[in-house]
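Taking it in order: structure first as structure tokens, then the write-up.
Any value given below was found using the heavy atoms of this structure, including those in side chains, with hydrogens, waters and symmetry copies removed. Model, not experiment: these values are computed from the prediction. All chains are named by letter (A, B, ...) in the order of the sequence lines, taking the proteins before the strands, and each is independently numbered beginning at 1.
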Amino acid sequence: MPSHEIQLTHRRIYIMPTRQGAMFVLLLALMLLGSINYSNNLAYLLTFLLFCVGLVSIIHVYRNMHALGVTVGKCAPVFAGEQARFVLSVRNPKPFDRFEIIFQPRNTPTQSVTSVPKLQTQTVTVPVSTRVRGYLPMPKLKVTSSYPLGLFYAWSWLELSLNCLIYPKPANSTQPLPEHTAPGGKGTAVQVGTDDFIGFRAAQPADPPRHLNWKGYAKGQPLMAKLFGSHMDHHIWLDWAQMQTAGQEQKVALLTKWVLDAERRQVAYGLKLPGTQVAPELGPHHRHQCLQALALFRQG
Amino acid sequence: MFVKSIKQSTLAFIFFSLCLVILPHLQHVASWAIGAFIVLGVWRIVGHVRPAWLPQRWLLLTLTALLVSVHVLQYGALFGRDVGVSLLIVMSGLKLMETRTKRDSYMVIFLGIFLVITNFLYSQSIGFAAYLLLALLLLTACMVDLSAQSHAPTLRHQLRLAATLLLQALPLCLVLFVLFPRIAGPLWVLPKDAQNATTGLSDEMSPGKISNLTQNNAVAFRVTFDNQLPTPEQRYWRALTLWWYDGKTWSQGRRQHFPQAYVPKRVRLSQPISYTVNLEPHNKSWLLGLDLPRLERQYGVTLTDFTLRRKREVTELFQYPVTSFLQHHTGRLNRREYQLATQLPRSFSPKVIALAQQLFRNTTSRQDYINKVLAFFNQQGFIYTLKPPLLGDNPMEQFLLQTRKGFCEHYASAFTLLMRAVGIPARIVTGYQGGDYNDIGDYMIVRQSNAHAWSEVWTRASGWTRFDPTAAVAPERVELSIDASQSADGSVVFQSQQLSAIAEAFKQLAYSWDAANHVWNDWFLGYDQALQQDFLNRLGLNIKSWKDLLYYLIFIFFIVFGVIVYLLLRKRIPTVSDPVVRAYQQFCRKMVKLKLLKKANEGPAEFSARITRRYPSLLHAVDDITTLYIQLRYGKPAIEALTELKSKINQFAPERIVAERIGKD
């Protein structure tokens, strides 16, 4: 049952010897045999001392993990194929430091290591590779530590509920953006940079000063830039139904690429998918909305 | 593929720790083996940043084969203490070179731990043990370093953590040490290796053999006396009797001449003195005892010539109780003994025989003759020296008639031969003479420099009787010990009884250290089955069998372990470091008993007022404390005021005041 926050208690923590730990036990057995054979009291002392150090280190290993609290943070959306970065926060409520806490998602070799000082919280990022679009729930996490001696290790499984939105992978295509559609017919392609004023958009550093709306800014409005283009309709529609590409995923991929292109070219774009429609706009929030729609799109 | 999962500093740390462990082995392991280790280690560490310099697999295999074969060449075999250690050292170097992953590094550390324990096969002294404990601390810190690859703790932090772990493990370790059953005897036969040529008394005597030992100040054995100490003239420590003279060397003779293990019947012994000897290992099977000793059977055998033997050689510290009899008559000689005791080599010098006969003329008894011979030594210009002229083929003739300069072995030999020359049974006894009393530890120290040889002559009055011809030439020898450091040019210098203040202080220090060593040997190194039984009985634990012992062990072990678990895992309130606040917290805790809890948003003055409203009798005390606290906390800090506050709070007993007040009403 995944949850937002988990605290590591004695019920969840298991301890086992590492491979070095097993070899250590073998070493101790040999040393004990040697001590008995040579009746050497100092050898006995050394063997016993090491044995007890090993035992005490079990307590330390347990203590290093016990009572840690793991809370979910955020996960920024990424494109399929990139690494999703799940952010967690680890809280150490005890008055001693924790070291070398390792987070490893199930079935992945990558490990994220963190140390949490006493009475503090630390964030840790768990990267997970992605393949398909949609929501990726964070895989079961193994939290493990073998500090301080590395002879024993403690582990615990965490099922946390944190999802990462995976945008579809944009198609590797050079197909240009569709022409803009005026209401009721085909129109000419939009060109940016011609004379007619078509609207405002948020100011960007590269904008030439004469394109900025100083009047409005003096009135207290946020600094906007004036958009110029052809006086015809200033948006395009990315329409599922109008596409010639075969295959659902290819269509999604192409649409994704178009969204990115349109955003880059600063052409207001709208998205039409069977069952969903997003009105034409520009901006990071709009981009996210379209990409989200594409990511979550399921036909039928 | 080379994976840099370990830091270079970690590798260097491991290498350094291993160097420390291997260093003491320099004395008994070939230096090329240690050299190989150092080369391999440094190579690997440097190669960590330049992987191209590291050897390929084939090169490594070749090196391994090469080093192993050099071992076989040098030692002849691969089994044995010294070979084993040397191989272990070289293998550590090879493994270090081969280290790629963390697991490899752990293997190197484990090899290091094994090397630490091999050191104990050679020496178990206190200083050595402390040194190796330090090495163990470092190896533990290496393990900490290995498991902390991502956050790079400081060396100080690693060492502190390692020390903490060791200290926490110590009580458990002591429980195990005291209660773990000691199994007597080896489980398998120890590999025969070239024993260290331990210097000490040899089982033969010839000119020079004993004088060589005067430079050696090492402790031969320590003796704890049950009652009174023997006088210096009584401190003759018997080791061996030598019967067979071949013209140059005295030895024990052939097998059939060896004394048998029984004490003959008509022996009369009296004036007993009992003591315990703590013998340092000398790789021989004879034991020491005061003239004339008797040993209990479980420790060894007493032979007909009153020397003591053990079944196996003494390869480690051996402690045994002895009763010696200072007055004795050893009974009659049988024919065989008589023949052996009057044996002279075939080509014995006729001049010596002539001398003997000359001295023998006109004597009335054996004792008379003996006195005459002693007087001969005393009056004829004989000199007691450590570096007498070398003697040739007829050593005794040369000595008696020409050089007249010698050490105790010359005099003992000459005296014995002069006895035998006229048919009086005599033999050589070797052992030690003297001993320094260590008043700090209440025991006597006998060193190698006390080694001595004297003679025994058979008389009807007392059987085998001791005569020390050295005493005729240098009577101080019996009273004093030879000062090893000053006898460089040959003349014998005795230890001065008058010491300067500094020398005296130094001597006391040396005695204290030796006493510590003695306790270490006695109680810690000598902790065997017998001592364990004794110790546990004294503690009140009744141990009848090893099963009892195991039950006690497991029981007490778990208790101590539980205590440690509790101490480590209990909830700790984060302590406030400010002592003023801590003191005030104690005050608040006391108020809790009266059901008055200070609220988080309540200031100290408010709290004080609230208390006073509830319990007016506390007004004076609480007001006092609160004012002082506010002054300290928010005003100027003053140490005297803090002490005052602490003591006021310590003495503050609110329940008592309230109860008194209620009583009054």
Check each atom of [X] against the heavy atoms of chain B and say whether the ones under 4.5 Å are side chain, backbone, both or neither.
{"X": "A:Arg63", "answer": "both"}
{"X": "A:Leu28", "answer": "neither"}
{"X": "A:His60", "answer": "side chain"}
{"X": "A:Phe51", "answer": "side chain"}
{"X": "A:Thr114", "answer": "neither"}
{"X": "A:Ile102", "answer": "neither"}

Under 6.0 Å from the six-membered ring centre of A:Tyr44 and within 45° of its axis: does the NZ or CZ of B:Arg182 meet both? yes
side-chain contact (heavy atoms from CB on, under 4.5 Å) partner of A:Leu42, chosen from B:Asn119, B:Leu121, B:Leu525: B:Leu525
What part of [X] is in contact with chain A, defined as an atom under 4.5 angstrom from a non-hydrogen atom: side chain, backbone, both or neither?
{"X": "B:Leu146", "answer": "neither"}
{"X": "B:Gln158", "answer": "neither"}
{"X": "B:Thr118", "answer": "neither"}

Would you give the length of the straight line joining atom CG of B:Leu111 to atom CG of A:Leu27, rounded to the nearest 0.5 angstrom? 8.5 Å
Side chains of A:Leu149 and B:Ser147 in contact at under 4.5 Å (non-hydrogen atoms): no
Counting heavy-atom pairs under 4.5 angstrom with chain A, the leader among B:Phe561, B:Phe177, B:Phe114, B:Phe557 is B:Phe177
